[in-house]
Every structure is written in structure tokens, then in C-alpha cells.
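No experiment lies behind these values; they were computed from the predicted model shown.
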Amino acid sequence: MAYAQKNYNFIQGINGVYRWAAIGCFGTSICNLISRAGRDVSPVEFNDHFVRNNLWRDVDDGHRDDLWWEAITAIEPRIVVSRIVDKGASNRTAGWPTSNNAIVRFWYQSKQSGQWITHFALVHDAKNKTILDSWDGLVKQN
């Protein structure tokens, strides 16, 4: 069973103001990848671990509720980040990973709000370009 960020309404981070349901897609992707590796870590356990160990970072707004790519190693040392591909703001297309053990970042314009949104999801099947969507825990076509 996959974790879905929409099911968790606690405040993310150390001095955060946003709820996991609103901004927890990256953490949820990490929880789903750790689960795939054989160890269940719920979003609540993930957040508590990062709070207890003072691991949350602030990169943008004065709230320590941000993660970084290598954060997965802080909670599950058996999983390490081997490669990060980011084309930057001017070219957001970096291609599709070849491994199912990858987390992808999407950057798109919301149909509901018109705002540009970053969203993270675990690759479900790299060959068929499907993701395990962090929002609702469902497998979807890219």
C-alpha cells in the first residue's frame, strides 16, 4: 500500500506552517521508496525523525520544512542518491529515468490555480513511464 500525502494533515517541519497534505510530496515519495526497499516509514514517522534529529532545512521562506535530495539517506542509509539531473529553470526537461528506484520532479502549471507547481513522485515503472503519485498513492501515466 502506498502512502498518499493528502491523508496527512500534520504540520511539516520544525517551525513549519504548512501541512504535509499541502507540501509533503517529496517526503511522501521518499517514504514510498523506503517502503519499496522493505522498511515502512510513514510520513508521520518521517517527520518525527527529522524533527528529533534537527534535519529539516530552510531554503526559501524562513520555515524549516524543506528537504534535499540526499535526505533519504538520513532516514534509510541503505538507499543513497546516485545521480541528480536538473536542467534548471530555463530548461525543465531532463528526460525520464531508467530505474524504478527513482524520484522524479515535475514542474507544471496548475489547471486549478494557474500557478506553477513543483511535484515529486516515485517512478512506478520506468519502461512504461508510470509514477506512483505522491498526492493520492495511485499509479498514473506520466
Separation of Arg39 CZ from Cys31 SG (nearest 0.5 Å): 10.0 Å

Heavy-atom side-chain proximity of Asn32 to Ile34 below 4.5 angstrom: no

Any side-chain heavy-atom pair of Ile30 and Leu67 under 4.5 Å: yes

Partners meeting side chain to side chain donor-acceptor pair (under 3.5 Å) with Asp40 (sequence neighbours left out): Ser35

Closest contact, heavy atoms only, Pro97 versus Ala126: O-CB, 3.4 Å

Heavy-atom neighbours of Lys129 NZ exceed 12 at 6.0 Å: no

Heavy-atom closest contact (Asp58 atom, Asp60 atom, distance): OD1-N, 3.2 Å

Nearest-0.5 Å distance that lies between atom NZ in Lys140 and atom CG in Leu132: 9.5 Å

Where Ser110 and Ile117 come nearest, the two heavy atoms and their spacing: CB-CD1, 3.2 Å

Val81 with Phe50, same ILVMFWY side-chain cluster at under 4.5 Å: yes

NZ/NE/NH1/NH2 to OD/OE distance under 4.0 Å, Asp136 and Lys6: no

Distance-minimising heavy-atom pair for Thr118 and Cys25: O-SG, 4.2 Å

Donor-acceptor contact below 3.5 Å, side chain Gln109 vs main chain Trp116: no

Minimum side-chain heavy-atom gap Val17-His63 below 4.5 Å: yes

Side chain Thr130, main chain Gln141, donor-acceptor under 3.5 Å: no

Whether Phe10 and Trp20 hold their rings parallel, tilted or perpendicular, with breakpoints at 30° and 60°: tilted

Trace of the ring pair (Phe, Tyr, Trp, His ring centres under 6.0 Å) decision for Trp69 with Phe26: CA-CA 9 Å; Trp69 283 104; Phe26 194 17; 5.0 Å; yes

Non-hydrogen side-chain atoms of Leu33 and Ile79 separated by less than 4.5 Å: yes

Residue pair Glu45 / Ile75, side-chain heavy-atom distance below 4.5 Å: no

Intermediate values then yes/no, side-chain hydrogen bond (donor to acceptor under 3.5 Å, both in side chains), Asn54 and Arg64: CA-CA 9 Å; Asn54 204 28; Arg64 292 188 52 212; 2.8 Å; yes

Side-chain donor/acceptor of Asn47 to backbone N/O of Pro43, under 3.5 Å: no

Check: Trp56 and Val51 side chains under 4.5 Å, non-hydrogen atoms: yes

Test log, rule side-chain contact (heavy atoms from CB on, under 4.5 Å), inputs Arg19 and Ile11: CA-CA 4 Å; Arg19 300 206 175 269; Ile11 299 291; 3.8 Å; yes

Side-chain touch Arg36/Asn100, heavy atoms, less than 4.5 angstrom: yes

Spacing of Ile103 atom CD1 and Thr28 atom OG1 [to the nearest 0.5 Å]: 10.0 Å

Transitive ILVMFWY side-chain link Phe106 to Trp135, under 4.5 Å: no

Nearest atoms (heavy-atom pairs only) where Val123 meets Val104: CG2-CG1, 3.7 Å

Any donor-acceptor pair under 3.5 Å from Gln12 side chain to Asp65 backbone: yes

Check: Phe46 and Tyr3 side chains under 4.5 Å, non-hydrogen atoms: no

Mutual orientation of the aromatic rings belonging to Tyr108 and His119 [parallel < 30°, tilted 30-60°, perpendicular > 60°]: perpendicular

Shortest non-hydrogen separation from Ser134 to Phe120 and the atoms involved: OG-O, 2.8 Å

